[in-house]
Asks: 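The following block contains the structure, expressed as structure tokens.
In the text below, chain A, chain B and the rest are named by the order of the sequence lines, each starting its count at 1.
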Protein chains: 2
Amino acid sequence: MAPEAPPYTLLIIEDEIEITRAVGAALREQNPAIIEASGGKTGLDAVKSSHPDIIILDLGLPDLDGLEVCQRIRAVTDAPIIVLTARHGEADTVALLNAGADDYIIKPFSTQELAARVAAQLRRAAVPRHAPVSINADGLSIDIHLRQVKRGPMLVRLTPIEWEILAVLTSDPGRVFTHQQLFKAVWNRPYGDARLYLRVHLTNLRRKIERDPADPRLIITEPGVGYRFVAEW
Amino acid sequence: MAPEAPPYTLLIIEDEIEITRAVGAALREQNPAIIEASGGKTGLDAVKSSHPDIIILDLGLPDLDGLEVCQRIRAVTDAPIIVLTARHGEADTVALLNAGADDYIIKPFSTQELAARVAAQLRRAAVPRHAPVSINADGLSIDIHLRQVKRGPMLVRLTPIEWEILAVLTSDPGRVFTHQQLFKAVWNRPYGDARLYLRVHLTNLRRKIERDPADPRLIITEPGVGYRFVAEW
DNA sequence: CGCCAGCGTTAAGAATCCGCTAAGATCGGT
DNA sequence: ACCGATCTTAGCGGATTCTTAACGCTGGCG
């Protein structure tokens with residue numbers, strides 16, 4: 001029986017061989033074509049020559065800064081980038097997400113989690129998305145066109161800022177938006193203490209749309225990073 | 001067989017040649033006359049000189065801010081504007097739609113999707129307004145064709161502006177129309193303090209059609225945003 | 001065990017927005 | 001030119017929303 005053709009091409013930019021192997025093992029069932037690069041420069045070359053469908057990028061590269069690599073990849077392709085980050089490299093992770101990375105995984109990671117995230121990113125990238133007309137999650141329905149939110153049959157009144165936050169988060173369900181990304185999208189002014197504002201408005205927003213605001217299921221906090229909207233219902 | 005005359009004129013404002021070509025290829029079957037502009041300024045000139053039927057606008061232009069270009073196009077023409085936006089750019093879709101854009105597509109896009117959206121916008125622009133013939137809500141009946149409003153058996157006299165406001169709001173019940181959208185639809189002139197006018201005329205309109213003008217049920221205020229007509233009766 | 005950073009929550013003052021009134025200005029018909 | 005209807009413009013008071021600060025909780029870390 002002939003092996004099936006790889007369903008997608010994955011590029012992993014990683015200098016530690018153990019991790020490269022772990023990634024390969026985690027994704028064995030999906031049977032992707034895997035390209036390996038051990039540094040930022042070779043990684044960039046690989047992006048240009050191989051047109052991968054998804055890219056896994058480690059932060060601690062010896063030759064180039066991860067941030068720069070990420071930006072330069074983003075200048076060439078829209079393929080999803082998943083960042084591998086150490087436990088305490090949170091600041092770097094945030095900078096990377098701001099630079100265009102799609103998701104991040106903290107080392108050490110479970111093979112299941114990696115496989116799930118890769119699959120999720122591929123799913124999102126495969127469908128050229130337009131903002132969905134309506135979203136339904138956990139008894140909540142959001143109609144972008146009507147600018148209307150319902151909790152069951154009840155209309156929910158949102159203030160402009162609350163609506164903007166919800167609109168941004170739901171524009172790409174599952175994706176993490178950093179504090180800065182959200183702040184910039186909603187306030188559209190240079191800088192301020194993004195977290196200060198977001199904390200307050202997220203509280204108010206959750207009070208209106210979550211079943212139990214103390215145990216949010218729709219808008220999830222990513223500590224030190226930002227927020228994401230989950231629509232898996 | 002002689003080539004058929006172009007059914008419509010399309011202007012694409014885009015600095016990346018690959019995308020321009022991709023758009024051209026996607027629409028080949030529709031055989032439009034295509035005008036190309038590589039920047040915001042030349043794009044605006046082209047709008048004024050060529051009177052396109054539909055406009056495709058990339059956000060990431062080198063010379064001008066995409067939002068500004070959008071607004072300035074809208075000040076000149078009513079032709080549909082479809083915005084091309086990067087997946088990782090500021091997906092400030094709300095601001096875009098407020099600035100006068102009619103639809104947006106996230107890059108990368110499929111040729112089918114682009115063609116479908118262009119066709120949809122042209123269709124929508126061709127038919128001025130196809131609202132339901134009559135609306136009944138809370139004892140109020142509105143007949144669009146007859147230009148007639150009744151509160152029970154009593155005829156209600158509306159001034160031209162009041163009628164226009166009501167007609168716009170009821171053209172899409174439940175949807176929020178921003179101050180700017182309403183102002184543009186009714187007054188059809190570039191600038192003015194939309195809220196100032198709307199406040200007064202909304203007061204007068206409510207006095208005529210609401211049961212209790214102090215507690216409006218038909219025309220709901222969305223603070224900081226605009227108004228919506230509710231027809232859930 | 002105590003410290004600290006990050007987050008959620010609450011509350012109060014500031015800023016903004018809205019409904020309403022009313023006085024000119026404008027328009028259209030006779 | 002007159003007159004009534006409509007539109008524009010201004011301003012006040014009340015309501016809503018935003019900003020800002022303070023406090024409590026939790027979980028990691030020395």
Asks: Write down the distance between CG (L198(B)) and P (dT9(D)), rounded to a whole number of angstrom.
Replies: 13 Å
Asks: Toward the 5' end of DNA chain C, which comes first, R207(B) or G224(B), by nearest nucleotide?
Replies: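 First, find each residue's nearest nucleotide; the 5'-ward one identifies G224(B).
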Asks: Report the nucleotide, chosen from dT17(D), dG8(C), dT10(C), that has the shortest atom-to-atom distance to any side-chain atom of P160(A).
Replies: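 The answer is dT17(D).
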Asks: With 3.5 Å as the limit, what N/O pairs link the protein to nucleotides 19-25 of chain D?
Replies:
unit_1	atom_1	unit_2	atom_2	d
dT19(D)	OP1	W187(A)	NE1	3.4
dT19(D)	OP1	R189(A)	NH2	3.2
dT19(D)	OP2	W187(A)	NE1	3.2
dT20(D)	OP2	Y197(A)	OH	2.3

Asks: When the axes are fitted on five pairs at both termini, how much does the helix from dC1(C)-dG30(D) to dT30(C)-dA1(D) curve, in 10° steps?
Replies: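 Computed angle between terminal axes is 30°.
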Asks: Rounding to a whole Å, what distance do you find between D193(A):CG and dG6(C):C1'?
Replies: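 Atom CG in D193(A) sits about 11 Å away from atom C1' in dG6(C).
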Asks: Are more than 12 heavy atoms from other residues, nucleotides or ligands located less than 6.0 Å from atom NZ of K41(B)?
Replies: no
Asks: With a 3.5 Å distance limit and no angle check, can you tell me whether E16(A) reaches the backbone of E18(A) through a side-chain donor-acceptor pair?
Replies: no
Asks: Which whole-number value in Å describes the distance from I220(A) CD1 to dC7(C) C1'?
Replies: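 Checked: the CD1 to C1' distance equals 14 Å.
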Asks: Please confirm whether the shortest side-chain N or O distance from T221(B) to OP1 or OP2 of dC17(C) is below 4.0 Å.
Replies: no
Asks: Check ring pair (Phe, Tyr, Trp, His ring centres under 6.0 Å) between Y227(A) and all other residues, then give those that pass, not counting sequence neighbours.
Replies: H179(A)
Asks: Determine: side-chain N/O of T159(B) to OP1/OP2 of dC7(D), distance under 4.0 Å, yes or no.
Replies: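 True: T159(B) side-chain N/O within range (under 4.0 Å) of dC7(D) OP1/OP2.
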Asks: Within this structure, what is the CD-to-P distance between E222(A) and dC7(C), rounded to whole angstrom?
Replies: 11 Å
Asks: Expressed as a whole number of angstroms, how long is the span from E210(A):CD to dT9(C):P?
Replies: 10 Å
Asks: Taking OP1 and OP2 of dT6(D), is either one under 4.0 Å from a side-chain nitrogen or oxygen of R157(B)?
Replies: yes
Asks: Give a yes-or-no answer on whether the side chains of S38(A) and D15(A) include a donor-acceptor pair shorter than 3.5 Å.
Replies: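 Distance-only check fails for S38(A) and D15(A).
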Asks: Output yes when a side-chain donor or acceptor of K150(A) lies under 3.5 Å from a complementary backbone atom of I142(A), and no otherwise.
Replies: no
Asks: Starting at CG of L158(A) and ending at C1' of dT17(D), how long is that distance when rounded to a whole Å?
Replies: 13 Å
Asks: Is there a donor-acceptor pair closer than 3.5 Å between any side-chain N or O of D172(B) and the backbone N or O of R175(B)?
Replies: no
Asks: Let me know the distance between CD of E164(A) and P of dC18(D), rounded to the nearest Å.
Replies: 11 Å
Asks: Below 4.0 angstrom from OP1 or OP2 of dG8(C), is there any side-chain N or O of R195(A)?
Replies: no
Asks: Give a yes or no answer on whether the side chain of E162(A) reaches the backbone of T159(A) with a donor-acceptor pair at less than 3.5 Å.
Replies: yes
Asks: Taking the six-membered ring of Y197(A) as reference, does the NZ or CZ atom of R195(A) fall below 6.0 Å from its centre and within a 45° cone about the axis?
Replies: no
Asks: Given dG6(C), is OP1 or OP2 found less than 4.0 Å from the side-chain N or O atoms of Y227(A)?
Replies: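 False: Y227(A) side-chain N/O out of range (4.0 Å or more) of dG6(C) OP1/OP2.
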Asks: So does G174(A) get a backbone contact from the side chain of R228(A), meaning a donor-acceptor N/O pair under 3.5 Å?
Replies: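 Yes, the answer is positive, given that a donor and an acceptor are paired below the 3.5 Å cut-off.
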Asks: Please give, in whole Å, the distance from dT17(D) P to I165(A) CD1?
Replies: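 My rounded result for the distance is 14 Å.
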